[in-house]
Amino acid sequence: MHVWLRNEPLNSCAINYPISHHINANTLRKTVNYAKNKGASGYPKIEYSIWRYIACNKISIPEHLAWMYFESFYAMSNYGNQRCIEFDIEINKCKSKEEQEKIKDCKRVDLYQFILHLYIQQFYTIDLKSSIMSREEWPVNRSDGNDRKKSKGTDELNFINFVTKNFDEIISLFSFDKTINQNDIVSEEIQQALNFILEGSVDNYQTILPFSQLLKQSSVQSKMNDGKMYVKNLVIFLKNYIEMNPFGLNSCLRNGKRITATYLGGSMDPKKYGKIITNANSAPKNDFIVFVSQVLKQTLVDNSQTFLNCGLYIDKCLSSNIYILQSLRSCSIKKCKKSLLFVGPTQRTVTVDNCNDCTIVSICRRIIIRNCSMCNFYLLTPTSPILLTGCDNIKFAPYNSTYPGIEEDALTAGISDMINLWDKPIVVTQNQSLIGLHWSLMNPSEFQVISVPIETEIKQQPSSNELINKANEVFGILPADYERELTERYQILEINLELIQNANLNQEQKMMLQRFIETSFKESLQINGEQKQLDHLATITNSLSTQGQQMSN
């Protein structure tokens, strides 16, 4: 039998920032008791109005952070993507903040699981390095001791250690008394709450069971003394059988299948192609991972089913252009430099960490940014971007692109183009004087539309105006200043084209003008760094042409 920690609470639900010191086991226990005393509005599902009152008046958390924690859990609670879109549209129709608060106040989430969500945020306030190497470390895999030591999944190991060492306290969150008796029975309700962080299998990973169902299996109950769900029995069971997630990132890197991108162009050195690894062949359909790493000076474009609804990891890419044109479940971007990273509509969270001089283009439910510098973010998101510590020279701009099928992908991810809070970031810092110092909104004069390098339907001989309009397409609604800037920019281009057409130039003059335009255009590409991407795309085109000729022969 096997039990492990689920991927999503750590990857898609955690804020990755030390939570307020006011939120601890004691205050969370009081929160449970207060909510229960409020009747149906607090238990078994807690309304946001109850949580907001507790957070702002009892725990001294700012209101915007109270909503951030609540909404991050709400979005993950499987209420359906269509319901998320309806909520976003409803909020967008409000004419005042008071109307918005009334709608928010009615939102409800499972009380016990929400308390667990808050509790595991403490994971980021505890330094576990010493305990990980100490003799007191809990065993996390009975048969894989050597592999575990070689593992790079330190976050997962630390999270396992955090949960197992504090399991008694986790159980005590739902009791009136902070002291927990080892002979107390763990109720069915608490077992179901633990489904938020735990799951397992008794048939060698063929069937994945929520933790509460796992405990009902006869093979599991036989391991319990007297067959009872005492606290002590549950602690011993977890200690003996918990292991690394068989469908997590660490397992994917060890046992996943290496695949190739649909389109890849750039340096011919295979060492610079990077690696793409997935566990789609073994993981559940709604829990598989694709890992893209060490792409160096390449342009990668992929719109295949390989990425559809995956948890995407992009890691250590340099001077590259990466386009993932599919709806995603979640996305993590780490340690990338001087790269364009274009990711499809993401159902949950996009996390960007330790990136420098990058451009990120994303439609997502939420984006969390940490330890980044000199990065531009082109966003369509119904929630405020979360800016954590270590960020500098961050620029935000509205979403600036489109591609065939983007409407369907956004719908699949549960994101509407009617509401976009790209310009309302939340800076989470304990030093209030730093708010606003390290980020800015992009000046409309700097705004650029990104054209995705993918085949689209264009007439064989399109007019100049058709090409201009095609290049001006953007999914969603642009703010007036940015729309006006693009309109003026393309009006100037149209006027210049018309002047050239009406200039009655002779052949020699036309040749001179053409050479001047080509030279100026190439210089502009070099200055903007776009020439390399065009060169990469040329290698893709040549490769496809060669493949076509070989197939025809």
Side-chain angles (χ1 to χ4, degrees), residues 263 265 299 301 321 323 325 340 342 359 361 363 376-380 395-407 410 417-418 420 422-423 441-542 544-545:
Y263 305 105
T299 291
V301 185
N321 305 286
Y323 300 85
L325 311 178
L340 166 63
F342 185 114
T359 296
V361 183
I363 298 174
N376 294 335
F377 290 84
Y378 293 89
L379 304 175
L380 196 166
K395 287 187 179 181
F396 294 103
Y399 194 72
N400 65 339
S401 191
T402 188
Y403 64 86
I406 193 171
E407 295 88 353
D417 63 347
M418 294 183 63
N420 190 1
W422 65 274
D423 57 343
L441 302 183
M442 182 177 289
N443 192 301
S445 63
E446 302 175 61
F447 183 78
Q448 298 290 334
V449 174
I450 290 181
S451 297
V452 175
I454 189 170
E455 184 177 356
T456 57
E457 294 183 3
I458 300 179
K459 296 178 182 179
Q460 289 185 349
Q461 293 183 338
S463 68
S464 299
N465 287 342
E466 286 176 312
L467 287 175
I468 291 171
N469 291 333
K470 198 73 179 176
N472 198 18
E473 287 185 2
V474 170
F475 178 70
I477 303 171
L478 279 178
D481 289 349
Y482 294 84
E483 183 72 46
R484 189 181 308 111
E485 172 66 26
L486 289 185
T487 300
E488 292 176 356
R489 198 180 296 171
Y490 289 110
Q491 282 177 346
I492 292 172
L493 185 55
E494 288 177 345
I495 291 171
N496 289 337
L497 288 173
E498 187 176 351
L499 287 174
I500 292 172
Q501 292 170 356
N502 298 331
N504 296 321
L505 301 177
N506 59 37
Q507 191 63 30
E508 183 179 357
Q509 290 172 326
K510 288 180 180 179
M511 293 292 291
M512 291 177 61
L513 179 60
Q514 182 175 343
R515 285 195 296 269
F516 172 76
I517 292 174
E518 289 178 354
T519 301
S520 300
F521 181 58
K522 289 180 179 179
E523 289 177 354
S524 175
L525 291 175
Q526 292 288 353
I527 294 173
N528 295 330
E530 301 295 338
Q531 184 61 54
K532 289 183 179 179
Q533 183 173 186
L534 288 179
D535 294 340
H536 296 171
L537 295 174
T539 63
I540 293 176
T541 303
N542 294 336
L544 293 175
S545 178

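Scored by the side-chain contact (heavy atoms from CB on, under 4.5 Å) test, N376 finds T359, Y378, K395, M442 as partners (sequence neighbours excluded). By the side chain to side chain donor-acceptor pair (under 3.5 Å) test, Q514 pairs with E518, sequence neighbours left out. Residues forming a side chain to side chain donor-acceptor pair (under 3.5 Å) with N443 (at least two apart in sequence, or on another chain): S445.
Taken to the nearest 0.5 Å, the CD atom of E407 stands 5.5 Å off from the OG1 atom of T402. Residue N506 holds its CG atom at 9.5 Å from CE of M512, rounded to the nearest 0.5 Å. In this structure, N502 CG and L497 CG are separated by 11.0 Å, a value rounded to the nearest 0.5 Å. Between Q448 atom CD and L486 atom CG the span is 8.5 Å, to the nearest 0.5 Å. Between the CG atom in N321 and the OG1 atom in T299 there is a gap of 4.0 Å [rounded to 0.5 Å].
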Give the C-alpha distance, both sets of side-chain angles, the deciding distance and a yes or no for side chain to side chain contact (heavy atoms under 4.5 Å, CB included) between L478 and F447.
CA-CA 11 Å; L478 279 178; F447 183 78; 3.8 Å; yes
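Heavy atoms from other residues, nucleotides or ligands lying under 6.0 Å from CD of E498 number 12 at most. Other residues, nucleotides and ligands place no more than 12 heavy atoms under 6.0 Å from the CD atom of E508.
The two atoms that bring Q509 and L505 nearest to each other are OE1-CA, 3.4 Å, heavy atoms only. Between G476 and L380, the shortest heavy-atom distance links the atoms CA-CD1, 4.4 Å. What you find for E473 and V449 is that their closest heavy atoms are O-CG1, 3.8 Å.
Contact check for I477 versus N420: no side-chain heavy atoms found under the 4.5 Å cut-off.
A salt bridge does not link E488 with R484: every distance from a Lys NZ or Arg NE/NH1/NH2 to an Asp or Glu carboxylate oxygen is 4.0 Å or more.
Aromatic ring centres of W422 and Y482 lie closer together than 6.0 Å.
Among Y323, F342, F475, the single residue meeting the side-chain contact (heavy atoms from CB on, under 4.5 Å) criterion with S401 is F342.
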